[in-house]
Trainee: 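First the structure, which I've put down as structure tokens, then a few questions once you've had a look.
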Amino acid sequence: MRERCAPEPSALATRRLLALDQAHVWHPYGSMPATEEPFLVESARGTRLRFAEPVEGAHEVVDGMSSWWAAVHGYAHPALDAAVREQVARVSHVMFGGLTNAPAIRLATRLVELTPDPLRHVFLCDSGSVCVEVAIKMAIQYWWSLGRGRKHRLMTWRGGYHGDTFHPMSVCDPDGGMHHLWSGLLGRQVFADIPPCGFDTPVDPTYVAHLEALLAHHGPDLAAVIVEPVVQGAGGMRFHNPGYLQVLRELTREHDILLIFDEIATGFGRTGALFAAEHAGVSPDIMCLGKALTGGYLSLAAALCTSEIAQGISQGAMPVLAHGPTFMGNPLACAVANASVELLCGRDWAADVARIEKRLLAGLSPATRLPGVADVRVLGAIGVVQLDHPVDVAVATRAAIRSGVWLRPFRDLIYTMPPFVADDADIDAIARAIHAAARVA
Ligand SMILES: *Cc1c(COP(=O)(O)O)cnc(C)c1O
């Protein structure tokens with residue numbers, strides 16, 4: 001009873017809150033009870049996160065992560081705050097079955113305008129993983145509708161990440177995604193080798209031949225090839241030559257296979273192009289968007305497809321796409337997404353990303369000389385320092401906070417994708433913090 005009558009959480013001391021967090025709350029990829037104590041964020045504004053109490057002497061830190069690719073405009077942006085407020089005053093949510101709403105219609109229309117031409121239809125859902133589920137379902141149902149149900153497997157390359165629900169998991173890197181834990185439960189997909197690393201590294205004909213051989217062999221069983229274009233994010237922060245995407249486009253056409261680009265991390269300018277597919281000048285049959293879609297305010301994702309796929313499904317024996325989440329087309333999320341997209345398109349985001357790229361490159365390159373550093377790479381507003389050993393995350397995180405920066409390393413990677421509004425001083429602070437973290441990790 002005492003617990004239930006407890007005062008509002010905001011009135012509880014930080015210590016007490018953290019103890020409750022540890023007792024009751026799962027964190028990403030966490031154990032229970034937690035082995036790691038998270039830091040309590042009290043507020044955030046611009047590029048700064050404010051802790052409830054100082055950590056390592058720092059009350060405020062520069063955000064080097066954009067809350068996992070999402071907060072491209074920084075925090076508490078007046079235009080995004082206003083969009084949420086205005087929409088709350090009208091309607092926060094209303095079901096999408098039989099009803100529609102202006103923010104969702106506007107957003108879908110805008111996404112069709114912004115993405116490559118053949119993408120014309122939009123499925124709005126609640127998270128990236130669900131979006132990948134929908135994209136895969138679209139592909140499989142398309143072939144099933146055409147009477148070609150044998151085509152239901154997927155092909156991808158190793159080193160990828162597509163989300164944590166089961167079908168997305170089946171196309172994540174088999175080692176990174178710990179497929180051995182789930183053998184017998186995951187769809188058995190076709191894996192090509194990891195694409196050769198380096199945006200500027202010339203296309204390797206041996207790797208192209210490898211893709212060719214796999215697609216020729218498995219083509220009759222494949223519904224789609226799904227990849228993250230140009231940047232493999234949570235699977236290892238690796239960049240590849242966009243030429244491989246052109247190769248995949250040609251080969252999937254040749255073998256009657258759909259091509260899905262998962263742009264959930266790369267979309268909305270992060271790699272220096274509005275969508276990473278533009279580096280290759282090719283368009284997929286299905287594209288997944290998420291993360292930065294709402295500027296980091298709310299969870300929302302979109303699967304876009306061509307008219308050919310939409311018609312294929314809608315003229316099949318089951319003429320509907322069999323998916324419909326409760327919070328589909330959520331007006332609040334769509335309203336803030338509209339504001340975020342307009343904010344992005346209304347500013348010279350490409351100049352910001354180019355400036356950040358140059359500054360990150362200058363700041364991080366000297367890290368190649370640090371002991372234990374295996375590689376340093378930068379593309380767009382993404383900077384990566386790869387070590388030759390696993391990072392001690394707790395130690396590295398605290399070292400970064402002592403430098404006044406929030407970083408969240410994983411595996412052997414200390415990396416940043418700062419908000420596009422980060423200024424030169426922010427980027428320099430982030431680069432210094434990455435050095436500091438690499439030295440102690
Ligand atoms: C984050 C991510 C997902 C999953 O999105 P969630 O919103 O976390 O479910 C899928 N694909 C890629 C490329 C991602 O980076």
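Model, not experiment: these values are computed from the prediction. Counting starts at 1 for both ligands and their atoms, following the listed order. Along the sequence shown, the residues carry numbers beginning at 1.
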Trainee: Only one of Arg150, Arg148, Lys151, Arg153 passes salt bridge (charged side-chain N to carboxylate O under 4.0 Å, His left out) with Asp221; say which it is.
Mentor: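 The passing option is Arg150.
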Trainee: I'd like to check the ring-ring contact (aromatic ring centres under 6.0 Å, His included) partners of Trp68; sequence neighbours left out, ordered by chain and number.
Mentor: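 None.
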Trainee: Would you please say whether a donor-acceptor pair under 3.5 Å links the side chains of Thr47 and Asp426?
Mentor: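 There is such a pair (donor and acceptor under 3.5 Å, judged by atom type) between the side chains of Thr47 and Asp426.
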Trainee: Enumerate the side chain to side chain donor-acceptor pair (under 3.5 Å) contacts for residues 328-342, please, sequence neighbours excluded, ordered by first and then second residue.
Mentor: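 For residues 328-342, and leaving out neighbouring residues, the side chain to side chain donor-acceptor pair (under 3.5 Å) pairs sorted by first residue read His73-Ser340, His93-Asn330, Arg110-Glu342.
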Trainee: List in chain and number order the residues that pass ring-ring contact (aromatic ring centres under 6.0 Å, His included) with His210, two or more places apart in sequence or in another chain; answer none if no residue qualifies.
Mentor: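 For His210, the residues satisfying ring-ring contact (aromatic ring centres under 6.0 Å, His included) (neighbours in sequence not counted) are Tyr207.
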Trainee: Using the six-membered ring of Tyr75, assess whether NZ or CZ of Arg45 lies under 6.0 Å from its centre and within 45 degrees of the ring axis.
Mentor: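 Pair Arg45/Tyr75 does not count as cation-pi.
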Trainee: What does the list of residues with a heavy atom under 4.0 Å from ligand 1 look like, ordered by chain and number?
Mentor: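 Near ligand 1, by chain and number: Ser127, Gly128, Ser129, Tyr161, His162, Gly163, Glu228, Asp262, Ile264, Ala265, Lys291.
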